[in-house]
Amino acid sequence: MPNYNIFKVDPELRVGMLQKFQEVGLTETYHEDIDGYVHSFYFSDEPIEAQIEWIRLYSSFVNLDEGPSNKSYFAVLLIQVPEGGEYAISLGKAHFYLSPFCYYDFGLQLAERIFQRSRMKQAKHFSSRRSKTITSYTRNNELSYESGESIGLIKGSTDDHETWGKSVTFGQSVKLSIPHIPEEVYLILDEIEVAMKLPPRIQLPRAKVIKDAAEIRRLDSLLCQSLRENSVSVDIDEFSLNSVFFTFTDEYDGFAMQIKTKIGEQEFVEKASKEDSISKEIVGHFLSSISGKGISVVDDIDRVKVGLWKDGKRRLTQPIKELVEYVTDDWCCLIGGRWMKFSQDYVAYLKDKIDSVQLNRDAPVILKKYSQTQQRQYGVVNQEEQTLIDMMEQRGHIVLHKSSADEEGVRGFNVEIADMKKDDCLYFVKMGTPQKLIYVIDQSLTTVSLIQNKRLSQDESVHGVTTICLWLIFDGRKSDLTKLSEVSSITFLIAMNDWIQAVHDAGYNPAVNIGYRRFAKVEESEI
């Protein structure tokens, strides 16, 4: 049964697409109008020969004077429909060259209209525990989502096998197994055009492409700054999704940063030495290096690429924006090298999960903060985390101290299990901005992991624990929170979602206490 990987071409990018075809050696070999559908076939008639990666290892078993090589042919079939749209069918590795010029969510939009049962899904997560997941189901199921995930690909069936085939993969493109010969494949495009006019039957939590040039430049600027500062909000993905195919970075054994651009009329080329791995530190260093040579990193970030090497040969070159994971506090992110905005469905799933946690297990506490003038004039000091801990100790909470944990059977490194305990609950206290509060989330997860692995079994403070509670003191926040999802920091919300899931998975009940530290008047008793 023939397979067809179908993209929808963005008409605004068509000229660039044809230029790219020329650059990579795709030549038009066929042009025909079939029933009003204009077909153009582009073929790589002289592909570059590639070494066979395993031949050197087994050379002693092969009686050849010179190692053989392979030619990897690829092609694209463009079909213009009478209504004015254009579709592209990718063959071989052509999807790498084709996908930047096609609509990002065409396949997922079609899925929202015809998808029925799920066999596999790929989702992107923005969290400290996982970045992306590929989930395979043992049988066809209704598609389910977790909070905090953005769907990138789904595979399964529709309710019309005769039209769409038994199994369909939806991503940027749609991959179909149907009995049509190439000259008849335009018939399925008719079905696609009709289906895309139907209202969605499901809503997938996903991100949507940002096209505004000024907004893209703003986001590029934030990304470059974070990369050069080695920000914690930037990371390197372990695999990337292109169309309906995956690229895993751990398949490669060498990585090299490079850029090709112009300074005025003069061509500028910079290639860094090959590294064993790629990291945000390496990327940041390269950007700082070219910035010192007169390059505007923000203007040229799309020209910064990474060569992926294997067995001494460069196998693939990808733009750095396709390998970087980055998310901003205004719900924007990088996916597949494109700037995206989280959809309302994604945000709703995330907030619903966060607001499901038990809030204010204990009575709220407000700590006092004083201006520098008040501190000098009256000798008062700001109330800190320890102030709250001391207050709670008077109310029956037990203050905990550092404990030793077993590391592979050897005792000796100290961990702060928690700040307090009362009854069956461990409390973790932290004060600061939402970004600083993420520290206590990580601390609590470390404790949960140590308890699970029985590396704190000798410490009585963890015995009988059923609830893990974060006591978050928002420093300087003027208005009270009625819901935790009202915090306007996506990194905080994603970390909270991650924490709730991890605590549940470990068999504990998550809870959150909210407090504040605010500027206050100096009372007479304090003078």
Side-chain angles (χ1 to χ4, degrees), residues 108 112 118 121-135 137 141-154 202-208 233 235 325-333 335 340-361 425-428 430 433-435 437-449 452 466-472 474 477 480-514:
L108 294 177
E112 290 180 329
S118 179
K121 72 174 180 180
Q122 182 272 341
K124 186 171 182 64
H125 302 258
F126 295 91
S127 71
S128 58
R129 297 172 64 220
R130 52 185 175 171
S131 170
K132 296 178 182 175
T133 57
I134 302 173
T135 305
Y137 301 97
N141 289 291
E142 289 189 9
L143 187 63
S144 60
Y145 327 114
E146 295 180 21
S147 59
E149 70 176 11
S150 177
I151 301 297
L153 176 145
I154 54 175
I202 58 174
Q203 293 289 340
L204 298 174
R206 55 191 172 90
K208 298 185 178 180
S233 59
D235 213 342
E325 178 181 299
Y326 182 67
V327 60
T328 72
D329 270 344
D330 53 354
W331 301 99
C332 298
C333 61
I335 299 179
M340 317 283 275
K341 185 84 170 178
F342 288 107
S343 69
Q344 290 303 308
D345 300 296
Y346 175 94
V347 176
Y349 279 112
L350 187 68
K351 289 188 173 183
D352 286 347
K353 181 62 172 290
I354 291 168
D355 289 335
S356 69
V357 72
Q358 179 188 359
L359 202 59
N360 290 333
R361 177 185 175 95
C425 181
L426 286 179
Y427 292 86
F428 298 80
K430 185 65 179 176
T433 62
Q435 288 75 17
L437 294 177
I438 293 174
Y439 165 80
V440 80
I441 294 174
D442 294 336
Q443 179 198 353
S444 68
L445 291 180
T446 298
T447 296
V448 168
S449 176
Q452 277 189 296
T466 64
T467 302
I468 304 296
C469 181
L470 303 180
W471 204 316
L472 307 176
F474 290 86
R477 185 180 176 90
D480 288 358
L481 293 167
T482 59
K483 297 185 295 185
L484 198 56
S485 64
E486 293 173 357
V487 176
S488 59
S489 165
I490 190 173
T491 50
F492 171 81
L493 295 178
I494 289 171
M496 280 301 308
N497 175 74
D498 186 33
W499 175 80
I500 293 167
Q501 188 63 50
V503 173
H504 274 308
D505 290 347
Y508 298 100
N509 300 316
V512 176
N513 284 347
I514 294 177

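Summarising the geometry of W499 relative to A511, their closest heavy-atom pair is CH2-O, 3.4 Å, with the distance given to 0.1 Å. Of all heavy-atom pairs between R361 and N513, the closest is N-OD1, 2.6 Å. Closest approach of L484 and L493 over heavy atoms only: O-CD2, 3.8 Å. Across all their heavy atoms, Q452 and D505 have their closest contact at NE2-O, 4.4 Å. Of all heavy-atom pairs between S485 and I354, the closest is N-CG2, 4.1 Å.
Rounding to the nearest 0.5 Å gives a distance of 12.0 Å between CD1 of I514 and NZ of K483. With values rounded to the nearest 0.5 angstrom, L481 atom CG is found 8.5 Å from L359 atom CG. Note: K351 NZ to E486 CD = 8.5 Å, rounded to the nearest 0.5 Å. The CG atom of L472 lies 12.0 Å from the CZ atom of F428; values are rounded to the nearest 0.5 Å.
Side chain of S356 to main chain of K353: a donor-acceptor pair is present (N/O by atom type, distance under 3.5 Å, no hydrogens or angles).
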Report task. Take M496 and V512, measure what side chain to side chain contact (heavy atoms under 4.5 Å, CB included) needs, and give me the verdict at the end. Result -> CA-CA 10 Å; M496 280 301 308; V512 176; 3.8 Å; yes

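Inter-residue side-chain proximity for F474 and L437 is flagged as met; some heavy-atom pair is nearer than 4.5 Å.
For the side-chain contact (heavy atoms from CB on, under 4.5 Å) test with V503, the passing option among L470, I468, N509, V357 is I468; the others fail.
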